[in-house]
> 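Quick one: the structure is below, questions incoming.
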Amino acid sequence: MYKICKKSEFFLYKYLYASSLVEEEVSSPRIWKNYIEQYSDSIETDNYGTVIGIINKYNSFKIVIEAHVEARQWYINYISDDGIIYVACVDNKIAPSKRVNIHTKNGIIDGVFFYEKLGNFFLIDIGASTLKEVENLGINVGCRVTSQYDFFILNNKYYVGSAHKICGFIIAEVMRLIKKKNVPYGLYVINTVRKKDTPPANIVIKIDVCNETLINGEIKCGLGPVINYSPSINNNLREKIIFIAKKKNLSFQRLVNNQDYFYRGIYALISIPIRYRYTTVEMARKKDIENCINIMYETLKNIDPSEKFNYF
């Protein structure tokens, strides 16, 4: 069974710690691309930063595994004469007293959010006293602001940082494992920065995160990845995933998901439960991540292109 090794953990550290802004020289999409190149037959990208690793591109039967890696960012709306930066549309859970990165052409400038907001704006202090001083640092209206994330392991059980990127780590590791197999289908492994149309495929398995919560059912970190139910999810594919998880004694949870995703293909959704979603200390349980990778790998190993998942 798959266990996260030191080499993979080092990749995870670099990947979670890096900025999500793809245009920067050191960014998580670029780190992810560099990592999966060794396990792909070819790589495709788009103008928004989505990266696709491909195995057996010309096989007529195609499977997509996709992770949506959410990048929380804001734009500077206004800079006051006394050097205070105003930013709108910030999550109330993230902003108070948090450290931020301000991305400029001259590099990254540190800042801190005020504890309180002013009207619809949160305020950022960079230690400047005048508008001119702010401008001399290369900061202007339209510069982007991101949270500062650290990465560490809590009690040897939880990865703490930007847990949304955990989904990208999972599909990269699944690709690394499946590359060693001579699979009878084409595999498209997609790390999506912004929502886009998924390439046409026979089967689509999406990886996302969900809250550790008691909504529509009890979900807890440490009890396994979450297999989702919704009208858009294919029952036959979901039941195959559940059958394989049970057969391999891999723990999982079930959740009714009221948010429907629509894909051009037979579709299933697996989620990783996390704590403190949309904060700078998102937490994901190492055991859940390993079980998700094992469930996905075993499922992909056991998919036969002649197998019928449609209802007719």
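Sequence positions, counted from 1, serve as the residue numbers for this chain.
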> How far apart are the closest heavy atoms of Ala284 and Ile274, and which atoms are they?
CB-CG2, 4.0 Å
> Around Tyr115, counting heavy atoms of other residues, nucleotides and ligands shown, do more than 12 lie under 6.0 Å from its OH?
no
> Which pair of non-hydrogen atoms, one from Ile233 and one from Ala268, has the smallest distance, and what is that distance?
CG2-CA, 4.2 Å
> With Asn235, which residues qualify under side chain to side chain donor-acceptor pair (under 3.5 Å), at least two apart?
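For Asn235 the side chain to side chain donor-acceptor pair (under 3.5 Å) partners, ignoring immediate neighbours, are Arg238.
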> Looking at residues at least two apart in the chain, or sitting in another chain, which of them share a side chain to side chain donor-acceptor pair (under 3.5 Å) with Lys287?
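With sequence neighbours excluded, Lys287 shows a side chain to side chain donor-acceptor pair (under 3.5 Å) to no residue whatsoever.
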> Do Thr50 and Thr45 come within less than 4.5 Å of each other through their side chains, counting heavy atoms only?
no
> Let me check something: any side-chain donor-acceptor pairs from residues 172-190 under 3.5 Å, sequence neighbours excluded? List them with distances.
| residue | atom | partner | partner atom | Å |
| --- | --- | --- | --- | --- |
| Glu173 | OE1 | Tyr2 | OH | 2.7 |
| Glu173 | OE1 | Ser8 | OG | 2.6 |
| Glu173 | OE1 | Arg176 | NE | 3.4 |
| Glu173 | OE1 | Arg176 | NH2 | 2.9 |
| Glu173 | OE2 | Tyr35 | OH | 2.6 |
| Glu173 | OE2 | Arg176 | NE | 3.3 |
| Lys179 | NZ | Asp41 | OD1 | 2.4 |
| Tyr185 | OH | Leu300 | O | 2.8 |

> Please list all pairs passing the side chain to side chain donor-acceptor pair (under 3.5 Å) test where one or both residues lie in residues 292-306, with sequence neighbours left out.
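As it turns out, the side chain to side chain donor-acceptor pair (under 3.5 Å) pairs with a partner in residues 292-306, which skip direct neighbours, are Glu298-Lys301, Asp304-Ser306.
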> Could you tell me the separation between the CG atom of Asn310 and the CG atom of Asn202, rounded to the nearest 0.5 Å?
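Result: 10.5 Å between the selected atoms.
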> Hey, could you give me each pair passing ring pair (Phe, Tyr, Trp, His ring centres under 6.0 Å) that has a residue in residues 136-158? Not counting sequence neighbours.
Tyr13-Phe151, Phe151-Tyr159
> Just jot down the side chain to side chain contact (heavy atoms under 4.5 Å, CB included) partners of Ser19, sequence neighbours excluded, or say none.
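Partners of Ser19 under the side chain to side chain contact (heavy atoms under 4.5 Å, CB included) test: Leu21, Glu24, His103.
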> Just one of Lys157, Arg285, Lys3 clears the salt bridge (Lys or Arg N to Asp or Glu O under 4.0 Å) bar with Glu290, so which one?
Lys3
> Using the salt bridge (charged side-chain N to carboxylate O under 4.0 Å, His left out) rule, take Glu212 and Lys220 through it: C-alpha gap first, then chi angles, then the decisive distance, then the call.
CA-CA 5 Å; Glu212 182 183 63; Lys220 289 186 176 180; over 6 Å; no
> What pairs with Lys7 under salt bridge (Lys or Arg N to Asp or Glu O under 4.0 Å), at least two apart in sequence or on another chain?
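Lys7 satisfies salt bridge (Lys or Arg N to Asp or Glu O under 4.0 Å) with no other residue.
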> Are any side-chain N or O atoms of Asn34 and backbone N or O atoms of Glu37, one a donor and one an acceptor, separated by less than 3.5 Å?
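Not confirmed, Asn34 side chain does not pair with Glu37 backbone.
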> Is it true that atom CD of Glu116 has more than 12 heavy atoms of other residues, nucleotides or ligands lying nearer than 6.0 Å?
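It does not: Glu116 CD has 12 such atoms or fewer within range.
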> Identify the heavy atoms of Val281 and Tyr276 that sit nearest to each other, and give their distance.
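The answer is O-CD1, 3.5 Å.
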> Return yes if some donor-acceptor pair links the side-chain N/O of Asn234 with the main-chain N/O of Leu237 below 3.5 Å, else return no.
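Yes, the answer is positive, given that a donor and an acceptor are paired below the 3.5 Å cut-off.
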> Residues two or more places apart in sequence or in another chain: which of them pass side chain to side chain donor-acceptor pair (under 3.5 Å) with Glu282?
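Scan of Glu282 (side chain to side chain donor-acceptor pair (under 3.5 Å), adjacent residues dropped) gives His164.
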> Can you list every pair that meets side chain to side chain donor-acceptor pair (under 3.5 Å) and has a residue in residues 81-90, with sequence neighbours left out?
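Qualifying pairs: Ser80-Asp82.
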> Using a strict threshold of under 4.0 Å (side-chain N to carboxylate O), is an ion pair present between Lys57 and Glu44?
yes
> Taking side chain to side chain donor-acceptor pair (under 3.5 Å) as the cut-off, I'd like each qualifying pair that reaches into residues 242-251, sequence neighbours left out, listed once.
Ser251-Asn291
> Holding to side chain to side chain donor-acceptor pair (under 3.5 Å), I want the full list of residues that pass it with Thr280, two or more places apart in sequence or in another chain.
none
> Which donor-acceptor pairs under 3.5 Å do the side chains of residues 125-132 make with protein atoms, sequence neighbours left out?
| residue | atom | partner | partner atom | Å |
| --- | --- | --- | --- | --- |
| Asp125 | OD1 | Gly127 | N | 2.7 |
| Thr130 | OG1 | Glu133 | N | 3.1 |

> Which atom names give the shortest non-hydrogen contact between Cys143 and Gly138, and what distance separates them?
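Looks like SG-O, 3.9 Å.
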> Which is it for Ile205 and Val64 under the side-chain contact (heavy atoms from CB on, under 4.5 Å) test, yes or no, and what are the steps along the way?
CA-CA 6 Å; Ile205 302 176; Val64 163; over 6 Å; no
> If you count every heavy atom of other residues, nucleotides or ligands that lies below 6.0 Å from Tyr17 atom OH, does the total exceed 12?
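For Tyr17, atom OH is not crowded (no more than 12 foreign heavy atoms under 6.0 Å).
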> Examine the side chains of Asn191 and Glu66 and answer whether a donor and an acceptor come within less than 3.5 Å of each other.
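No donor-acceptor contact under 3.5 Å links the two side chains.
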> Is it the case that more than 12 heavy atoms not belonging to Tyr58 sit under 6.0 Å from its OH atom?
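No, OH of Tyr58 has 12 or fewer neighbouring heavy atoms, counting only those of other groups under 6.0 Å.
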